[in-house]
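Everything quoted here is computed from the prediction, not taken from an experiment. The figures here come from the full heavy-atom set of this structure, side chains too, leaving out hydrogens, waters and symmetry mates. Order of listing sets the numbers, starting from 1, for every ligand and every atom in it.
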Amino acid sequence: MTLNIRHDWTTEEIQTLLELPLMELLWQAQTVHREANPGYRVQLASLLSVKTGGCEEDCAYCSQSIHNSSDVTAFEAQMQVEPVLQRARAAKDAGADRFCMGWAWREIRDGAPFEAMLDMVRGVRGMGMEACVTAGMLTGQQAERLAEAGLTAYNHNIDTSPEHYDKIISTRTYQERLETLQRVRDAGVNICSGGIIGMGETLRDRASMLKVLANMEPHPESVPVNGLVAVEGTPLEEQVPFESLELVRMVATARILMPRARVRLSAGRESMNREAQILCLQAGADSIFYGDVLLTTGNPNVEEDLKLLNDAGVKTSWDSQISISKD
Ligand code: SAM
Ligand code: DTB
Ligand code: SF4
């Protein structure tokens, strides 16, 4: 089979994929995945919140927005460079090969915190790990400085469809999000961009969000698929929980649309059973967040995850370095 890498998907075509009988969708996704990613390995990415809470944006899902009563951590100062690098070293020792750092900012501003961010990126790269930053909007010059520091990828999610966006966020536009992504691309830094399901969107919204990603040329190198973690004190706290099989469908469809992207099974794993997570891997997810917390919410613990991957017979990118017993 020759892979068909396209950038002209229609919303209808994508919705048809999302609605396929599950077995048919999985079959198609696996066929694409085997072809695009021979020697399948799951990347373990570790996540750290460097600056938590106090964010000016009003994202309805987020625990860190000043507009949400969940935001109780605004007094916390940004972590210093050394403790962050210690956490990166520990993540590497535990088997992670990507270190992702988050800042609850609307946008990056120049000055000491940005210089510290650059030092963190240099430090993580110096350890031989991939470095990813997520810190809101940025200018072209800031993107270039991050590129010079060796940044592997910048995470900036489109989160949902253009049509559903203003029901979730009112303090920025979809267009601003896309402009930041273009600056990241122009600076030669890989794009990490995906979204969230379970925020009251329709199936068409999900198709429409995937269309925005799949029609980027080139595709994002990395596509996180999140299930909403309904945080108390956010406008989405009462949201009906997403269905695990819906997340499986998103992963499978993302895999078919963007065959070579790393599709990351991201937030929401704590509300999925092991079998549903394994179905996501089967559907083509080739990365998980690894570590007991995401940014502010929980994630399965490391031992459970290593057992899950072992039981699924999946190798990680750093497999031989993980020292726990594999029986
Ligand atoms: N402030 C930066 C930004 O918004 O780009 C970076 C941090 S932000 C927390 C990173 C991403 O995490 C969001 O774009 C969103 O997709 C995801 N996220 C945040 N809270 C979430 C939640 N409660 N459930 C699922 N995903 C969430
Ligand atoms: C992404 O798409 N998911 C990660 C990462 N990119 C930065 C963040 C998930 C956050 C989940 C909610 C929390 O822990 O606050
Ligand atoms: Fe949360 Fe990021 Fe939105 Fe700020 S911009 S409220 S940190 S998701």
Has [X] got any heavy atom lying under 4.0 angstrom from an atom of ligand 1?
X    : result
G136 : yes
R177 : yes
G227 : yes

Q80 atom CD, over 12 foreign heavy atoms within 6.0 Å: no
Hey, is CD on E270 packed in by over 12 heavy atoms from elsewhere, all under 6.0 Å? yes
Which ligand 1 atoms, with their elements, are less than 4.0 angstrom from a heavy-atom of W103? 1 (N), 2 (C), 6 (C)
Compute whether any side-chain donor of one residue and acceptor of the other, for E57 and T171, lie under 3.5 angstrom apart. yes
Counting heavy atoms under 4.0 Å, the part of N155 that contacts ligand 2 is side chain
Using a 4.0 Å heavy-atom cut-off, say whether N157 meets ligand 2 through its side chain, its backbone, both or neither. side chain
Can you tell me if E13 uses its side chain to pair, donor with acceptor, with the backbone of T10 under 3.5 Å? yes
Go through the structure and list residues passing side chain to side chain donor-acceptor pair (under 3.5 Å) with S46, not counting sequence neighbours. none
Whether V229 lies under 4.0 Å from ligand 2, heavy atom: no
Starting from [atom], which protein heavy atom do you reach first, and at what distance in Å?
atom                    : result
atom 4 (C) of ligand 2  : F289 CE1, 3.7 Å
atom 3 (N) of ligand 2  : N226 OD1, 3.0 Å
atom 8 (S) of ligand 1  : L295 CD1, 4.4 Å
atom 21 (C) of ligand 1 : Y61 CD1, 3.7 Å
atom 14 (O) of ligand 1 : D159 OD1, 3.2 Å
atom 27 (C) of ligand 1 : I196 CD1, 3.7 Å
atom 12 (C) of ligand 2 : T297 OG1, 3.6 Å

Are [X] and [Y] close enough that some pair of their side-chain heavy atoms sits under 4.5 Å apart?
X    : Y    : result
P224 : N157 : yes
Q30  : R255 : no
M117 : K51  : no

Got an N/O contact under 3.5 Å between Q64 and ligand 2? no
Pairs of nitrogen or oxygen atoms closer than 3.5 Å, one from L295 and one from ligand 2: do any exist? yes
Under 4.0 Å, heavy atoms only, figure out whether ligand 1 is touched by the backbone of T297, its side chain, both or neither. neither
Any non-hydrogen protein atom below 4.0 Å of atom 2 (Fe) of ligand 3? no
Please determine if R6 forms a cation-pi arrangement with W9, meaning its NZ or CZ atom is less than 6.0 Å from the six-membered ring centre and no more than 45° off the ring axis. yes
Evaluating non-hydrogen atoms only, which member of I108, L228, T134 is closest to atom 7 (C) of ligand 1? T134
Kindly compute the distance separating CG (L44) from CD1 (I288), expressed to the nearest 0.5 Å. 5.5 Å
Polar-atom distance check: V229 versus ligand 1, any N or O pair below 3.5 Å? yes
Contact check: N157 vs ligand 1, nitrogen or oxygen atoms, below 3.5 angstrom: yes
Suppose I only count heavy atoms of P224 and a 4.0 Å limit; which atoms of ligand 2 are within that range? 2 (O)
If you count the atoms of ligand 2 from 1 in the order shown, which ones are under 4.0 Å from a heavy atom of T296? 13 (C), 14 (O), 15 (O)
In ligand 3, the atoms that come under 4.0 Å of a heavy atom of R172 are 5 (S)
For atom 4 (Fe) of ligand 3, report each protein N, O or S atom nearer than 2.8 Å, sorted by chain and then by residue number. C55 SG
Non-hydrogen atom of Y61 closer than 4.0 Å to ligand 3: yes
Can you classify the ring geometry of Y165 versus Y174 as parallel (below 30°), tilted (30 to 60°) or perpendicular (above 60°)? perpendicular
